Amino acid sequence: MNISTIANFNLKDFDSSRIRNFSIIAHIDHGKSTLADRLLEKAETISMREKATQFLDKLQVERERGITVKAQTASLFYEHKGKIYLLNLIDTPGHVDFTYEVSRSLYACQGALLLVDAVQGVQAQTMANFYLAFEQNLTIVPVINKIDMMNADPERIGREMEKVFDTQQEEILLISAKVGIGIDELIVQVIERIPAPTGDLNKALKALLFDSWYDEYRGVICLIEVIDGSLKKGDIIMAAHTGQEYEVLELGLMYPEPLMQPALYTGQVGYIITGMKTVKEARVGDTLCHAKNPVPALPGFKPAKSMVFAGIYPLDTTEFELVRDAIEKLTLNDPSVHIEKETSVALGLGFRCGFLGLLHMDVFKQRLEQEYNVNIIVTSPTVLYKVRLTSGEEEVIENPSKFPDVTKIETVFEPVVLATLIMPKEYLGNIMGLCQERRGVQQEMTFLDEERIILRYKLPLNEIITDFYDKLKSISAGYASFDYEQAGYQESDLVKMNILLNGKAVDALSMIVHADKAFAIGRQLTEKLKDVIHRQMFEVAIQAAIGAKVIARETVSAMRKNVIAKCYGGDISRKRKLLEKQKEGKKKMKQVGNVELPHDAFLTILKHD
């Protein structure tokens with residue numbers, strides 16, 4: 001349906017019974033964005049000329065990795081049994097780091113398409129996203145995708161879905177988003193199975209803000225669902241949680257680009273522009289209402305909470321201004337990143353950043369390098385620890401350099417996660433070994449079918465933020481999938497380990513480790529440093545220490561001149577005198593000399609074996 005036809009529609013004619021708000025939920029790579037493309041094409045929302053693979057994935061990083069990072073929305077008009085329906089598709093991220101964004105987006109829906117790959121079957125994130133939708137009481141439409149593939153086995157996958165999600169075989173739709181098989185039937189099932197929104201047009205305005213982004217020409221653009229009442233251009237609205245008032249300057253539908261409309265009515269999903277200056281004002285999950293007629297806020301609102309922390313420093317210290325500008329511009333569109341300036345003796349001026357998780361950190365780093373062309377070093381990620389002091393106070397520690405003295409600590413608590421792992425049964429032993437090595441505690445084990453197993457483990461977050469996912473994929477030949485959810489804090493025997501170069505601590509290398517693993521990590525780090533620190537004119541002692549106790553040491557021997565080369569025979573005391581003189585000189589040099597840690601040495605240390 002082209003834009004000129006839609007321009008003649010009056011959105012007021014689309015009452016709740018002719019509106020369907022739905023989302024697509026799936027594991028990474030199960031064809032979520034491809035299905036969104038086919039739906040947009042079938043409803044003629046995008047023409048074949050505009051067609052681009054993964055149309056709703058706008059960012060370069062999303063297209064390269066085949067993941068969705070930002071929730072997007074698109075309105076489709078579709079004719080069924082003589083009536084035109086307005087279908088609002090909300091494309092959500094699939095990764096655990098963006099769970100909160102997914103849950104808010106699902107709050108704006110009445111139903112969800114649960115998409116499962118016909119080859120890979122049910123995966124860890126499929127389960128996580130299903131339970132999110134189930135908790136919101138959404139109508140779930142089960143769909144098996146990629147049935148056109150040679151090794152597709154929809155019958156086996158159907159049995160898996162029946163066992164895990166309690167769906168009936170006859171309810172499952174079989175489609176191929178790539179080829180376009182079964183898409184028409186899918187749209188009909190969305191209209192017939194997913195319930196209409198239940199809001200009341202005559203009540204006071206209540207709208208859910210579920211996403212926002214920054215446009216350098218128009219300011220902040222917010223995506224909203226009108227739950228009750230109506231909203232038109234020129235209205236004065238208020239954000240329930242911040243209490244700030246705004247005038248509606250523009251509003252309309254995402255078709256899938258912004259299409260201006262005079263008003264939005266109950267059950268409709270669209271965009272509004274109110275002149276907000278930063279996305280921090282447009283909090284995901286906030287409630288919008290008319291300023292003169294406030295309403296109770298919608299439940300479930302909570303601000304984004306950083307879970308993983310890392311330092312970002314320019315590779316060349318003269319580029320600090322460039323990195324600062326790039327981070328400021330990027331955070332205009334990502335308010336969930338927490339930024340603070342910090343200084344490191346080894347790396348100079350930089351930033352301490354808090355992220356929602358590891359993928360979030362990785363995407364942020366990639367976008368900085370790709371979109372703003374800056375060269376940066378990202379320090380080893382850490383998590384948020386809680387420390388109870390002997391004085392009875394509690395402190396929250398995100399940076400190892402701020403870890404209190406051992407004598408002042410009563411107990412240390414570390415964050416834990418409940419991990420779900422799905423794998424073929426032949427890899428069970430290796431994966432259990434990996435989890436135990438990472439201080440995991442097994443919670444349960446169930447068989448998904450004859451070939452695959454679901455494992456649940458309680459793991460410390462500190463143990464999985466570095467290379468756990470890479471190791472898991474290596475030992476399972478890429479077949480295992482992994483997902484986790486926060487599970488609070490637990491008491492743990494943690495210590496701060498410092499790296500000393502000639503007795504001076506290098507703040508950028510200090511880390512918080514478990515006491516049982518401190519010796520092994522200390523030995524590994526000192527050995528790595530010995531390989532990358534250049535030899536000096538004096539001896540360099542590399543030590544790993546916990547408090548005053550040195551637990552590992554390596555020595556980089558000094559470069560020395562052969563001072564007795566000119567002695568041909570003669571008395572031994574002459575040679576001894578020259579060697580003693582050289583020894584004194586080296587001792588003096590060691591007292592005044594500084595060991596600089598080269599940047600490439602720093603990068604080598606951050607790489608895990």
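Since the model is a prediction, treat every value here as computed from it, not as a measurement. One is the number of the first residue; the rest follow in order along the sequence.
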So do the side chains of [X] and [Y] get within less than 4.5 Å of each other, counting heavy atoms only?
{"X": "T420", "Y": "L455", "answer": "no"}
{"X": "R523", "Y": "E554", "answer": "yes"}
{"X": "I409", "Y": "T390", "answer": "no"}
{"X": "Y457", "Y": "M432", "answer": "yes"}
{"X": "I512", "Y": "V495", "answer": "no"}
{"X": "V513", "Y": "K496", "answer": "no"}
{"X": "V387", "Y": "P404", "answer": "yes"}
{"X": "I499", "Y": "S510", "answer": "no"}

Between the main-chain N or O of I25 and the side-chain N or O of N129, is there a donor-acceptor pair closer than 3.5 Å?
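Not confirmed, N129 side chain does not pair with I25 backbone.
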
Can you tell me if T526 uses its side chain to pair, donor with acceptor, with the backbone of G522 under 3.5 Å?
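Yes; judged by distance alone, with no hydrogens or angles, the pair exists.
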
Classify the ring geometry of F134 against F130: parallel below 30°, tilted from 30° to 60°, perpendicular beyond 60°.
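Geometry flag for F130 against F134: parallel rings.
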
F320 and F351 aromatic ring geometry - parallel, tilted or perpendicular at 30°/60° bounds:
parallel

About how many Å separate [atom2] of [Y] and [atom1] of [X], when rounded to the nearest 0.5 Å?
{"X": "E491", "Y": "E410", "atom1": "CD", "atom2": "CD", "value": "8.5 Å"}
{"X": "C435", "Y": "E463", "atom1": "SG", "atom2": "CD", "value": "11.0 Å"}
{"X": "D531", "Y": "I542", "atom1": "CG", "atom2": "CD1", "value": "9.0 Å"}
{"X": "I454", "Y": "F447", "atom1": "CD1", "atom2": "CZ", "value": "11.0 Å"}
{"X": "L448", "Y": "I453", "atom1": "CG", "atom2": "CD1", "value": "10.0 Å"}
{"X": "I339", "Y": "I312", "atom1": "CD1", "atom2": "CD1", "value": "6.5 Å"}

Intermediate values then yes/no, side-chain contact (heavy atoms from CB on, under 4.5 Å), F403 and V412:
CA-CA 10 Å; F403 201 73; V412 183; 4.1 Å; yes

Locate the shortest heavy-atom distance separating [X] from [Y]; write the atom from each residue and the value.
{"X": "P381", "Y": "V308", "answer": "CB-CG1, 3.6 Å"}
{"X": "A419", "Y": "L459", "answer": "CB-CD1, 3.8 Å"}
{"X": "M127", "Y": "I422", "answer": "SD-CD1, 3.5 Å"}

Are [X] and [Y] close enough for a salt bridge, meaning some N to O gap below 4.0 Å?
{"X": "R456", "Y": "E444", "value": "yes"}
{"X": "E321", "Y": "R324", "value": "yes"}
{"X": "R576", "Y": "E580", "value": "no"}
{"X": "E426", "Y": "R452", "value": "no"}
{"X": "K402", "Y": "E395", "value": "no"}
{"X": "E437", "Y": "K471", "value": "no"}

Before giving the answer on side-chain contact (heavy atoms from CB on, under 4.5 Å), spell out for F165 and T126 the whole-Å C-alpha distance, their side-chain angles and the decisive distance to 0.1 Å.
CA-CA 10 Å; F165 306 129; T126 319; 4.0 Å; yes

Would E414 and S492 count as a side chain to side chain donor-acceptor pair (under 3.5 Å) if you check the C-alpha gap in whole Å, the side-chain angles of each, and the deciding distance to 0.1 Å?
CA-CA 6 Å; E414 65 177 339; S492 192; 3.0 Å; yes

Does the cation-pi check pass for K386 over F413, that is, NZ or CZ under 6.0 Å from the six-membered ring centre and within 45° of its axis?
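No - K386 does not lie over the ring of F413 by the 6.0 Å and 45° rule.
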
Counting heavy atoms not belonging to [X], are there more than 12 under 6.0 Å from its [atom1]?
{"X": "D516", "atom1": "CG", "answer": "yes"}
{"X": "K517", "atom1": "NZ", "answer": "yes"}
{"X": "Q490", "atom1": "CD", "answer": "yes"}

Derivation of the side-chain contact (heavy atoms from CB on, under 4.5 Å) call for L384 and Y489
CA-CA 10 Å; L384 214 56; Y489 279 77; 3.7 Å; yes

Show your reasoning for whether side-chain contact (heavy atoms from CB on, under 4.5 Å) applies to M511 and L525.
CA-CA 11 Å; M511 56 176 70; L525 259 179; 3.6 Å; yes

With distance as the sole criterion, is a donor-acceptor pair present between the side chains of N462 and Y385 under 3.5 Å?
yes

Distance flag, aromatic centroids of F210 and Y107, threshold under 6.0 Å:
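No, the ring of Y107 stays outside the 6.0 Å limit from the ring of F210, centre to centre.
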
CA sep, side-chain torsions, deciding dist, call: E342, Y313, side chain to side chain donor-acceptor pair (under 3.5 Å):
CA-CA 9 Å; E342 76 168 2; Y313 296 88; 2.5 Å; yes

